[in-house]
Number of protein chains: 2
Amino acid sequence: MSTPLHISISEKLRRQITAGDYQPGDKLPSEHQLMERFNVSRITVRQAIANLVSQGLAIAYRGKGVFVTPRKKVAYSLSSPLVFLGSDMARQGIDFCFENLTLDPVPAPEPVATALAIPPKAVVYVQKKLFRMDGAAGAVDISYLMAELGQRFADTLAQQMTFPTLADNGIPIDQVDAVIECTHADYAMSGYLEVPLGHPLMVYRYTAFSTDQQPVLYGETISRADRFCYSLSTRA
Amino acid sequence: MSTPLHISISEKLRRQITAGDYQPGDKLPSEHQLMERFNVSRITVRQAIANLVSQGLAIAYRGKGVFVTPRKKVAYSLSSPLVFLGSDMARQGIDFCFENLTLDPVPAPEPVATALAIPPKAVVYVQKKLFRMDGAAGAVDISYLMAELGQRFADTLAQQMTFPTLADNGIPIDQVDAVIECTHADYAMSGYLEVPLGHPLMVYRYTAFSTDQQPVLYGETISRADRFCYSLSTRA
DNA sequence: TGGTTCAACTTGTTATGACAAGCCACCTTA
DNA sequence: TAAGGTGGCTTGTCATAACAAGTTGAACCA
């Protein structure tokens, strides 16, 4: 066997997890128990557990133990971006709500100004929202809205999602250009989303256009990659 | 200071990276040099480097050193999934090619049978392809093709992408349903994609339908999350 | 000059040992 | 009974040590 010990141990545990010997939420044997079971040093056991954690299969709590991570992901449909996110969640049996963190006028940063086709440092409204799924923090949305719209709908935006707010006031969104990528939690995000530093995140970066092809809204939805996925359907 | 040594060291290095002291592609100091610079043990240095790697900022190669990860990501457009992937790459100035790893008839695993609406264990053709961008392994595609199609086009499939092969033979793809999610490299994928275990990956899991609404192809494109992102445009 | 060998340098694996720090249940005490 | 402390469990941090294995370039030989 030229495969490292810690690999063969973490693979053995992985198979036990996927086979159902350890259910989501179950506690794995302690490091000491694994040392005896596999007759290896603690370093090797810890490396094996680190492998599982880095693969998103387990999560360790100091003083408590290592637990199998719950599995199910929530799908966010991209096929019709105008749908209220909450209804998407409700259809999957998830209790969805959002918290308005901030809503302020600021000078537009460079990428925002480019996306919205306005001069750099022109005033835009930036809104930070925290999305909760079944009570747990799941995603943060940071969106930049054209100044006149932000000012006009400030009260509503704090309580209702952005797309419905705009649509209700005669500004339907016609097109959304977006990019999906993967990043890691920095210090700020690890605080918002209650995850460790470096935890994998998905970023949905979008620019929304109104019916007259004018960019109206630019933003990023940053979500826990272990909780979220995106679904879409494309036709020729 | 109650923050662990390895955290403060990796944060120091992270700041140097983001400040540009170490450019993308640059080699970081060796473990030995970092031990002397910070006056700590090798365990601590290795933990600090592991932090950077888990945050996607660096990548380690045995015998060579630790390097700052290159930053630019290649965008894969999802708006028209029928486009030949290579032309997407070429437009971004990327040299694209693929290697046929395997192409074999196998009994369909359960999720494949469900997606293709065939009985479990019915024969399908599974093809593994390795995508190379500028020579470096960037993505693996594992696709399952209905048996009669796999048998008919086996020779062509080893040299040409699947969608063009089907289209050239009168089987155009009309609709693609897909899910995008984030996972981590297991042992097999870390070998294919030349990344460390646990490296973040993006999965594009698709079912392609022909014009008669019949599922024809099911598969997963698994790509390095530090190299790839997905772009899409949706209309109301 | 061309090819091979080898030494030095890199990261990877693994052991042993020690203490810190978080969590929890049990036991003592008021 | 209720409050608080304590001990034993857990994972986290960090040191020293040794060898394995991949990479590279310089020295050597043909």
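Computed from a predicted model, the values in this text were never measured in an experiment. Letters A, B, ... are given to chains in the order of the sequence lines, protein chains preceding strands, and every chain is numbered from 1.
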Partners passing salt bridge (Lys or Arg N to Asp or Glu O under 4.0 Å) against [X] (at least two apart in sequence or in another chain):
X: A:R227; answer: none
X: A:E11; answer: A:R14
X: A:E220; answer: A:R205
X: A:R132; answer: A:E99

Rounding to a whole Å, what distance do you find between [X]:[atom1] and [N]:[atom2]?
X: A:I43; N: D:dT16; atom1: CD1; atom2: C1'; result: 10 Å
X: A:L5; N: D:dA21; atom1: CG; atom2: P; result: 13 Å
X: B:M35; N: D:dA15; atom1: CE; atom2: P; result: 9 Å

Quiz item: For B:Y192, which residues count as a ring-ring contact (aromatic ring centres under 6.0 Å, His included) partner, sequence neighbours excluded?
Solution: none

Self-check item: Residues forming a ring-ring contact (aromatic ring centres under 6.0 Å, His included) with B:Y206, sequence neighbours excluded
Solution: B:Y204

Which donor-acceptor pairs under 3.5 Å do the side chains of residues 41-50 of chain A make with protein atoms, sequence neighbours left out?
| from | atom 1 | to | atom 2 | distance (Å) |
| --- | --- | --- | --- | --- |
| A:S41 | OG | A:I43 | N | 3.4 |
| A:S41 | OG | A:T44 | OG1 | 3.4 |
| A:R42 | NE | A:E31 | OE1 | 2.5 |
| A:R42 | NH2 | A:E31 | OE1 | 2.9 |
| A:R46 | NH1 | A:E31 | OE2 | 2.7 |
| A:Q47 | NE2 | A:N51 | OD1 | 3.3 |

Self-check item: Sole residue of B:D141, B:N100, B:D104 in side chain to side chain donor-acceptor pair (under 3.5 Å) with B:Q127
Solution: B:N100

Quiz item: If an axis is fit to five pairs at each end of the helix from C:dT1-D:dA30 to C:dA30-D:dT1, what is the angle between the two, to the nearest 10°?
Solution: 10°

Quiz prompt | Nearest-nucleotide 5' precedence on DNA chain D, B:R42 against B:V45 | solution = B:V45

Practice problem: Using the six-membered ring wherever Trp is involved, compare the ring planes of A:F131 and A:F98 and label them parallel, tilted or perpendicular (cut-offs 30° and 60°). | Solution: perpendicular

Quiz prompt | Where at least one partner belongs to residues 18-64 of chain A, residue pairs that pass ring-ring contact (aromatic ring centres under 6.0 Å, His included), sequence neighbours excluded | solution = A:Y61-A:F67

Quiz item: So what does B:I49 touch, heavy atoms closer than 4.0 Å: a base, only the sugar-phosphate, or nothing?
Solution: nothing

Quiz item: Who passes side chain to side chain contact (heavy atoms under 4.5 Å, CB included) against B:A225, sequence neighbours left out?
Solution: A:C182, B:P200, B:M202

Quiz prompt | Segment of DNA chain C, first to last nucleotide, that comes within the 4.0 Å heavy-atom reach of chain B | solution = C:dT10 to C:dT13

Restricting to nitrogen or oxygen on both sides, can you table the protein-nucleotides 7-10 of chain D pairs closer than 3.5 Å?
| from | atom 1 | to | atom 2 | distance (Å) |
| --- | --- | --- | --- | --- |
| D:dT10 | OP1 | A:S30 | OG | 3.2 |
| D:dT10 | O2 | A:G63 | N | 3.3 |

